[in-house]
Amino acid sequence: MSQKKSYCVIGLGRFGYQVATKLNEGGKEVIVIDKNEEKIEKASKIFDIAFKADATDINSLVEIGVQNTRTVIVGVTSIEESIMVCANLREIGIKDIIAKANNDIHKRVLKTMGIARIVVPDIEIANRIAIQALYNIGIDIFSIGDGFSWVKGVVNNEAVINKTLEKLDLRVKYDATVIMVQRSGKTIFPPAKDTSLMIGDVVTIMCRNEKIKSVVKLLNVEDVDND
């Protein structure tokens, strides 16, 4: 296994299985581990490397060769087992660990262990839905904390067509920044100040939550409920 190209997913619940599948579809080398024989039997038909093992046993991880992988994603459901697995990974020298937490308490415990990349899927999904409902917007929104969100939408407002980002001046008018523009299968990243917007562009913008509705209305008037 190549250290720079290998990923390991421990725990094949809904979260772990989805992550492993996306990595696999992206052409990445993925090792999957679960102690459930039925899950591993199913996974072995999809992933090249699948092991039935108890990841709370550090010796099992070493025998599999997890210490040689670049990134390990821990999707174990049990909080106790999740903590034990993360402790084992730290001990065998894994630096890039992405762990799923069940709640804020679980997240705080993992942070005290030095796990920097932690996701709480249920909370993140709930926050996303709440923001969409709050602003009456049917568009992709991802909360990034501290009152900011990523907003991703399609441009269809003729008022902004052929205007450069410099002329639109989103930073001053909306306290927003255009991060990326996708057009006809190509990605413009980072966009220059003379980049013009066109109908059908998929634009990703970072802005304050209170500015979301204004930003979306500017880009795509059909995605905003004006009531």
Looking at [X] and [Y], what are the two nearest heavy atoms and their distance?
X    : Y    : value
L218 : N157 : O-ND2, 2.8 Å
N209 : S149 : OD1-OG, 2.6 Å
P121 : F15  : CG-CD1, 3.8 Å
L12  : D34  : N-OD2, 2.7 Å
C207 : I212 : SG-CG1, 3.8 Å
V9   : G16  : CG1-O, 3.4 Å

Just so I know, are the side chains of [X] and [Y] near enough to count as touching, which here means a heavy-atom distance under 4.5 Å?
X    : Y    : result
I46  : T21  : no
K100 : T77  : yes
F47  : I31  : no
I205 : L219 : yes
D96  : T69  : no
L23  : I73  : yes

Taking salt bridge (Lys or Arg N to Asp or Glu O under 4.0 Å) as the test, write out the residues that go with K152, two or more places apart.
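Expected list: none.
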Straight-line distance of [X] [atom1] to [Y] [atom2], nearest 0.5 Å:
X    : Y    : atom1 : atom2 : answer
T164 : D169 : OG1   : CG    : 9.5 Å
N68  : S6   : CG    : OG    : 8.0 Å
E210 : Y174 : CD    : OH    : 14.5 Å
M180 : T204 : CE    : OG1   : 4.0 Å
C8   : E29  : SG    : CD    : 10.5 Å
L170 : T177 : CG    : OG1   : 8.0 Å

Hey, could you give me each pair passing side-chain hydrogen bond (donor to acceptor under 3.5 Å, both in side chains) that has a residue in residues 35-47? Not counting sequence neighbours.
K35-E81
What pairs of residues pass the side-chain hydrogen bond (donor to acceptor under 3.5 Å, both in side chains) test when at least one of them lies in residues 103-116, not counting sequence neighbours?
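Every side-chain hydrogen bond (donor to acceptor under 3.5 Å, both in side chains) pair that includes a residue of residues 103-116, provided the two are not neighbours, is S82-H106.
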Under a 4.5 Å side-chain heavy-atom rule over Ile, Leu, Val, Met, Phe, Trp and Tyr, are I118 and M84 clustered together?
no
Would you be so kind as to tabulate the donor-acceptor pairs closer than 3.5 Å made by side chains of residues 186-202, with sequence neighbours excluded?
from, atom 1, to, atom 2, distance (Å)
T195, OG1, A192, N, 3.0
T195, OG1, A192, O, 3.1
D201, OD1, R183, NE, 2.8
D201, OD2, R183, NE, 3.3
D201, OD2, R183, NH2, 2.7
D201, OD2, M198, N, 2.8

R90: what forms a side-chain contact (heavy atoms from CB on, under 4.5 Å) with it, not counting sequence neighbours?
I97, I115
Partner residues of A55 under the side-chain contact (heavy atoms from CB on, under 4.5 Å) criterion, sequence neighbours left out:
I10, L61, V85
So, the side chain of N88 versus the backbone of T56: is there a donor-acceptor pair under 3.5 Å, distance only?
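Yes; judged by distance alone, with no hydrogens or angles, the pair exists.
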D175 vs R208, test: salt bridge (charged side-chain N to carboxylate O under 4.0 Å, His left out). Steps then yes/no.
CA-CA 7 Å; D175 200 13; R208 293 185 181 277; 2.4 Å; yes
